[in-house]
Amino acid sequence: MKRFLCIISILVSLSATIAAQTNKAFVIPIETEIDHSAFHHFRQGLKEAKNFGSDLIIIKLNTYGGAIDSADSIRIAIMRTQTPTVAFVDPNAASAGALIALACDSVYMAPGASMGSATVVNGAGEPMPEKYQSYMSTIMRATAEHHGRVLKGDSMVWRRNPDIAASMVNPEISVSMTGRQAMECGYADGLATDIDDILADLDMAGAQVGYYQSTLTDDILGFLSNAAVRAILVMLILGGIYMEMHTPGLGFAAAVSVVSAVLYFLPMFVVGSIPAWVLILFICGLVLIALEVFVIPGFGVAGVTGIAAIAVALTSALAADSVSGLNFSSIANALITIGIGSALAIALILYLTGSHGPKFFRKHSELMTELSVAEGFVGVDMSPAQLVGHIAIAATDLRPAGKITVDGKIYDAVSTGIFINSGQELKIVKYENAQLYVEQNG
């Protein structure tokens with residue numbers, strides 16, 4: 001009997017071990033400044049976690065924050081995923097990092113870790129105006145409310161107090177919590193020194209753990225997703241189009257514009273966030289500009305419509321790259337990036353076509369080209385036009401061309417009517433096509 005019970009105990013233990021080993025957890029680190037590049041890496045991490053068959057996603061946080069829009073995109077992605085999420089703060093989750101931690105289903109903090117201080121600041125570390133603080137406070141409060149209420153005693157209370165979340169954004173208070181403080185107010189579920197501690201606390205000890213490690217391709221796509229890089233690409237796209245329109249036969253500007261457009265759309269195309277109509281609109285804009293340059297003389301409806309189509313396509317593609325899709329916030333952020341890129345394009349054009357710009361561009365620019373006599377170009381002398389209305393004497397017979405004298409100077413002239421004999425008094429009536437025209441006076 002004892003042997004039978006021993007065998008049963010071994011089988012139960014073995015089955016528990018096998019069951020634990022079938023569990024899978026996937027770790028996605030966020031250990032840099034939170035920007036669109038970080039969002040791209042996080043989105044790729046979610047895809048790998050799904051392919052891994054993960055039962056739990058652990059987001060390892062060590063960041064002092066970053067861009068609100070990128071953090072908000074990560075927050076939305078976390079709340080929309082069906083897989084349980086855990087934030088592991090080791091050792092910092094400040095500002096936008098606190099927002100990401102708050103979005104997760106559970107939070108664990110390493111000894112000595114801190115979380116909070118979500119006040120929005122500028123590049124100099126100074127608090128931004130009230131409207132920015134209010135927006136961040138609203139996001140923090142909404143994220144806390146997302147976790148709902150739990151029964152405590154005889155009453156329902158917030159699992160994570162929204163007032164505490166909002167107070168993290170107050171520039172005068174800027175609440176920040178240690179691990180113990182976070183546990184006391186329900187913002188942390190426990191302390192953990194490493195991933196194994198978290199898995200043990202969640203009854204997943206021995207689970208298979210996968211880690212997101214960015215590839216070179218991910219790093220390149222993340223770099224191209226950076227807002228500053230996108231603004232520069234917009235500058236090159238718009239600047240290249242303008243320079244190509246004013247530098248016939250150059251070709252280099254068009255090549256720069258095309259390559260920049262490919263790099264601009266590439267990250268969106270890879271993740272599948274760009275709508276088909278955006279690409280169609282962009283291509284139509286290029287076709288309209290090409291028609292304006294090569295087919296339709298002047299600069300009219302086709303050119304203006306083409307530029308407008310390209311601007312709308314660039315803005316829409318950038319806005320659609322957000323998890324939340326096309327909305328007021330994503331469109332506003334896209335317009336800011338496109339606006340900065342457009343301003344840089346104008347500055348670049350002014351520099352390239354200005355007197356201090358590279359001679360290569362000035363030499364090929366229609367606006368800057370100088371047609372000098374040394375190179376074989378002959379200008380038209382317009383000074384004889386000042387003689388219109390003056391009295392002249394026919395120095396030779398005009399049949400109808402001949403020569404006249406005005407104040408002792410001889411000029412070529414053409415009679416507008418009958419042939420004129422030499423010595424007759426004439427009146428200069430017009431100057432056209434570098435030629436004086438005369439008729440008999442009186």
Is a side-chain donor or acceptor of [X] paired with a backbone partner of [Y] at a separation under 3.5 angstrom?
X	Y	result
N433	Q435	no
S260	V256	yes
R160	L102	yes
S37	G222	yes
S95	G97	no
Y187	A165	yes
Y242	I349	no
S257	A253	no

- Item | Those residues that, when tested against H36, pass ring-ring contact (aromatic ring centres under 6.0 Å, His included) (two or more places apart) |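 H36: ring-ring contact (aromatic ring centres under 6.0 Å, His included) contacts with F39.
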- Query: Under the ring-ring contact (aromatic ring centres under 6.0 Å, His included) test, which residues partner F265, sequence neighbours left out?
  - Reply: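 Only F282 meet the ring-ring contact (aromatic ring centres under 6.0 Å, His included) criterion with F265.
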- Take T83 and T85, measure what side chain to side chain contact (heavy atoms under 4.5 Å, CB included) needs, and give me the verdict at the end. CA-CA 6 Å; T83 306; T85 55; 5.7 Å; no
Mind jotting down which residue pairs meet the salt bridge (Lys or Arg N to Asp or Glu O under 4.0 Å) criterion with at least one end in [range]? Sequence neighbours excluded, please.
range	answer
residues 87-103	K60-D90
residues 99-109	none
residues 46-56	none
residues 137-148	R141-D163

- With sequence neighbours left out, what residues match R159 under salt bridge (Lys or Arg N to Asp or Glu O under 4.0 Å)?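 Per chain and number, R159 pairs via salt bridge (Lys or Arg N to Asp or Glu O under 4.0 Å) with D189.
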- Item | Listed partners of E33 passing salt bridge (Lys or Arg N to Asp or Glu O under 4.0 Å), at least two apart |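 Applying salt bridge (Lys or Arg N to Asp or Glu O under 4.0 Å) to E33 gives none.
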- Minimal non-hydrogen separation, S342 against V234, with atom names: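 That closest heavy-atom pairing would be N-CG1, 4.1 Å.
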- Item | Evaluation steps, side chain to side chain contact (heavy atoms under 4.5 Å, CB included), between I289 and I310 | CA-CA 10 Å; I289 291 177; I310 289 176; 3.6 Å; yes
- Message: To the closest 0.5 Å, what do you measure between CD1 (I74) and NE2 (H41)?
- Response: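 Those atoms lie 10.5 Å apart.
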- Query: What distance separates I28 CD1 from L46 CG, expressed to the nearest 0.5 Å?
  - Reply: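 Those atoms lie 4.5 Å apart.
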- For I232 and M235, what are the C-alpha separation, side-chain angles and deciding distance, and is it a side chain to side chain contact (heavy atoms under 4.5 Å, CB included)? CA-CA 5 Å; I232 293 175; M235 173 193 72; 3.9 Å; yes
- Task: Name all pairs fulfilling the ring-ring contact (aromatic ring centres under 6.0 Å, His included) condition that reach into residues 51-72, sequence neighbours left out, sorted by first residue then second.
- Result: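 Residue pairs with at least one partner in residues 51-72: F26-F52.
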- Task: Return yes when atom CZ of R180 has more than 12 non-hydrogen atoms of other residues, nucleotides or ligands closer than 6.0 Å, and no otherwise.
- Result: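 For R180, atom CZ is not crowded (no more than 12 foreign heavy atoms under 6.0 Å).
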- Under the side-chain contact (heavy atoms from CB on, under 4.5 Å) test, residues paired with A103 that sit two or more places apart: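 Residues passing side-chain contact (heavy atoms from CB on, under 4.5 Å) with A103: R75, I78, M79, T143.
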- Task: May I have all residue pairs that pass side-chain hydrogen bond (donor to acceptor under 3.5 Å, both in side chains) and include part of residues 303-314, sequence neighbours excluded?
- Result: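 Qualifying pairs, neighbours excluded: none.
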- With sequence neighbours excluded, residues passing side chain to side chain donor-acceptor pair (under 3.5 Å) with T215: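 For T215, the residues satisfying side chain to side chain donor-acceptor pair (under 3.5 Å) (neighbours in sequence not counted) are D218.
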